Structures are given as structure tokens and as C-alpha cells.
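What you see is a predicted model, and the numbers here were worked out from it, not measured in a lab. Positions are given from 1, in the same order as the sequence printed here.
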Amino acid sequence: MRPFTYERAASPAEAAAAVARLPGATFIAGGTNLLDLMKLQIEAPSHLVDVNGLALDRIEPTPEGGLRIGALVRNTDLAADARVRRDYGVLSRALLAGASGQLRNKATTAGNLLQRTRCPYFYDTNQPCNKRQPGSGCAAIGGFSRQLAVVGHSEACIATNPSDMAVAMRTLDAVVETVKADGTTREIPIAEFHRLPGDTPHIETALEKGELITAVVLPPPIGGRHFYRKVRDRASYAFALVSVAAVVQRDGTARVALGGVAHKPWRVEAVEAEVPRGAKAAMAAILADARPAHENAFKVTLAERTLGAVLAEARG
């Protein structure tokens, strides 16, 4: 690990200003992803701004009837919160499917949204990777692609987003609240938070330099039955080959988001009317633009069957 300097921020605006001001600076909270990346020298920040002391670790009701989840709320606490379990079950289930108990005890809400891909070529510094080193190429294209994207990717990158929580948040239409270096705030719909790779796969979110996530806001509960089904190579501590987050209403209509298939949680609201017709029709519409690589075409069928299992359970 390379040397770095360190400070503790006294306020969200101060933290944002420090990261914006200093080249190579970044935030640290739980560190469950960042520290691994630093040890492997995939990331080498010159300065760490510790945000753990900020008062961003509460889950509070909003005037509209939703919930405001502080950026520093730990995944364990969020999954166990009675209001989340009752009204936003898809989120609680996704968090519990996401990692070991030890990791959930440290990982934060904001950190979960910001975790970086687990593409094996991103983690192998001997291989070219446009996400790690822009312009170097993508070794995954034509390489081992079984775990990688089938939709929304580009000629520059076929990596996937690893977050389970983000898939559930996308189903719930969450909004990300932030503070910028100049102290101004903004709200980013979760649909616009993660970016598709295009020609700049190293730019993964809509955040500006130094912009700090302060909270994630859930709208009022939408009712229905909540499901999160994750298919992976082993039963625990593995990232999704395909995951389906769904909220199914009594009339058969549903919100559906997919994980493990794209550079961001994949949801196509315009075709969700196909869900009552069955999993095959719905998935054909949701993945209409899929372009699988030579090793991961099975994901299209797997996504259809996983959604089918969710719909069967919903009808159950």
C-alpha cells in the first residue's frame, strides 16, 4: 500500500471541499472495498478524508411518508430496521443476500452504491482495463466473460455493477442526496446515478469531484409483495450471475430490476406492462437490446427463469 495522508472531516461540506481541493483525495467510511483496492494498488489515493464522524447514520421518516437513510447507515442496521422490513422488503432481502455478516456490519449505504466492479480483469493489474487505466483496452472482451454484462455495455467495457442493494433501490425509485464542495446540495434519481460505460467506463456515477453522498431517500411504500432472488455460483459470499428485484401487485403488474447483467442496475419501466403476460414476454422486452459475449449468453435464459420463479412465488 502506498503512503497517504489522512484527516477527519467535521461536516459534510468540509469533507466535500477537502476532496475537491486536494488531487488524489477520496472519502473513506467502512472501507470494505476501498482498502482492498488500495492493497492491490488498483486505487492509490494520496489523501483520505474520514467521514465516519459525521451525523449521517440515522434512518428517519420523511414528511412525504418515506424514509431518509443516512449515507453512513451500516448495511446490517438497514436490513434489520423494522420499517424497512415491513415496507421495503425487497431492500432488506437484497442486503442480506449481499455479503457476510462481518462485511454488512462495516459497509455503509453510500459505500454500497459506490463499490466498484468485480470484473477479474479490473483486479488483474497485468491486464488492460479501460476502467482502471482509461485508453488501455478491455481484456474482458474476447476473454473470460461468464460473469460479465449482456446489456448496456460498450466496445470499451463489459463489466457489471456488483451491488445487490442498488438493484433494490432502483426498483423502489430511490433518490440520492449529496453535498458539493461549495456547500450546495442536489438530488439524483437512482436511475441517473450509475452511468453506462460508453467511451468512459472509468466514470461510473453522476457524482462530481468532491461530491459527497449524504443520504438515500425512499419514497412512500408502494405495497405489493417484495422479492429479491439472487442466482450465483455458490450459496453465499458470491456476486450475482443474475439477480431479480421485484415488487408484484395483486393485479400481476410489477416493478422489475435486474442485477448481474449490466454496468448499472437494469430496469426498463416502459416494458413492465409485459410482466402480467409472463416471464418470457417480460424478459424478452427487458433484455431486448442484449448482446451477450461468447461465454455468458446463458444469462438471458437464466434471467427469464429467475423472473419466472419470482412470479410463480408471487402467485403462490
Is there a side-chain contact between [X] and [Y] in this structure, where contact means two heavy atoms from C-beta onward sitting under 4.5 Å apart?
X: L258; Y: P265; value: no
X: L207; Y: V176; value: no
X: H263; Y: H153; value: no
X: P292; Y: V300; value: yes
X: V84; Y: L67; value: yes
X: V244; Y: Y228; value: no
X: I28; Y: M38; value: no
X: N52; Y: F27; value: no

>> Quick one, T253 with V275, criterion side chain to side chain contact (heavy atoms under 4.5 Å, CB included). Give me CA distance, side-chain angles, the key distance, then yes/no.
In response: CA-CA 6 Å; T253 59; V275 174; over 6 Å; no

Same cluster for [X] and [Y] if Ile/Leu/Val/Met/Phe/Trp/Tyr side chains link at under 4.5 Å?
X: V151; Y: V167; result: no
X: I286; Y: L241; result: yes
X: I222; Y: V216; result: yes
X: L95; Y: L114; result: yes
X: F122; Y: L40; result: yes

[atom1] of [X] to [atom2] of [Y]: how many Å apart, nearest 0.5 Å?
X: L96; Y: N75; atom1: CG; atom2: CG; result: 9.5 Å
X: T185; Y: E187; atom1: OG1; atom2: CD; result: 7.5 Å
X: Y121; Y: L148; atom1: OH; atom2: CG; result: 8.0 Å
X: L196; Y: C157; atom1: CG; atom2: SG; result: 10.5 Å
X: L56; Y: I213; atom1: CG; atom2: CD1; result: 11.0 Å
X: I190; Y: R170; atom1: CD1; atom2: CZ; result: 8.0 Å

Answer yes or no: are there more than 12 heavy-atom neighbours, outside [X] itself, under 6.0 Å from its atom [atom1]?
X: R85; atom1: CZ; result: no
X: R186; atom1: CZ; result: yes
X: K280; atom1: NZ; result: no
X: D182; atom1: CG; result: yes

> Going through the distances and angles, do L48 and E7 end up as a side chain to side chain contact (heavy atoms under 4.5 Å, CB included)?
Replying inline: CA-CA 6 Å; L48 295 182; E7 70 174 285; over 6 Å; no

With no hydrogens and no angle check, is any side-chain donor or acceptor of [X] less than 3.5 Å from a backbone partner on [Y]?
X: R74; Y: N105; value: no
X: S154; Y: G198; value: yes
X: T76; Y: R104; value: yes
X: T200; Y: I203; value: no
X: R58; Y: E60; value: no
X: E14; Y: S11; value: no
X: N296; Y: A293; value: yes
X: R132; Y: Q127; value: yes
X: H202; Y: K131; value: no

Under 4.0 Å between a Lys/Arg side-chain N and an Asp/Glu carboxylate O for [X] and [Y]?
X: D81; Y: R83; answer: yes
X: R116; Y: E43; answer: yes
X: D173; Y: R267; answer: yes
X: K264; Y: E204; answer: no
X: R255; Y: E272; answer: no

Pair [X]-[Y], side-chain donor/acceptor within less than 3.5 Å:
X: R2; Y: S46; value: no
X: Y88; Y: R86; value: no
X: T214; Y: E177; value: no
X: N161; Y: S163; value: no
X: T205; Y: H194; value: no

What pair of heavy atoms forms the shortest contact from [X] to [Y], and how long is it?
X: F4; Y: H47; result: CB-N, 4.3 Å
X: N130; Y: P201; result: CB-CG, 3.6 Å
X: G98; Y: D164; result: CA-OD2, 3.2 Å
X: Y123; Y: T117; result: CE1-O, 3.2 Å
X: A9; Y: V49; result: CB-CG1, 3.9 Å
X: T171; Y: A245; result: OG1-CB, 3.3 Å

>> For a side chain to side chain contact (heavy atoms under 4.5 Å, CB included) check, start with the C-alpha distance between I69 and M169, then their side-chain angles and the critical distance, and finish with the verdict.
In response: CA-CA 11 Å; I69 303 162; M169 293 282 196; 4.3 Å; yes

>> Just to verify, which of V179, I188, V19 counts as forming a side-chain contact (heavy atoms from CB on, under 4.5 Å) with E211?
In response: I188

Please tabulate, one pair per line, all N/O donor-acceptor pairs under 3.5 Å involving side-chain atoms of residues 302-316, not counting sequence neighbours.
residue: T306; atom: OG1; partner: L302; partner atom: O; Å: 2.7
residue: E313; atom: OE1; partner: R229; partner atom: NH2; Å: 2.9

> Does the pair T178 and L212 meet the rule for a side chain to side chain contact (heavy atoms under 4.5 Å, CB included), with working shown?
Replying inline: CA-CA 5 Å; T178 70; L212 175 68; over 6 Å; no

Under 3.5 Å, which donor-acceptor pairs do the side chains of residues 136-147 form with other protein atoms, sequence neighbours left out?
residue: S136; atom: OG; partner: C129; partner atom: N; Å: 3.0
residue: S136; atom: OG; partner: C129; partner atom: O; Å: 3.1
residue: S136; atom: OG; partner: Q133; partner atom: O; Å: 2.8
residue: S145; atom: OG; partner: E295; partner atom: N; Å: 3.4
residue: R146; atom: NH1; partner: D233; partner atom: OD1; Å: 3.0
residue: R146; atom: NH1; partner: D233; partner atom: OD2; Å: 2.8
residue: R146; atom: NH2; partner: D233; partner atom: OD1; Å: 3.1

> side-chain hydrogen bond (donor to acceptor under 3.5 Å, both in side chains) between S243 and R232: does it pass, once the steps are laid out?
Replying inline: CA-CA 8 Å; S243 65; R232 43 195 162 176; over 6 Å; no

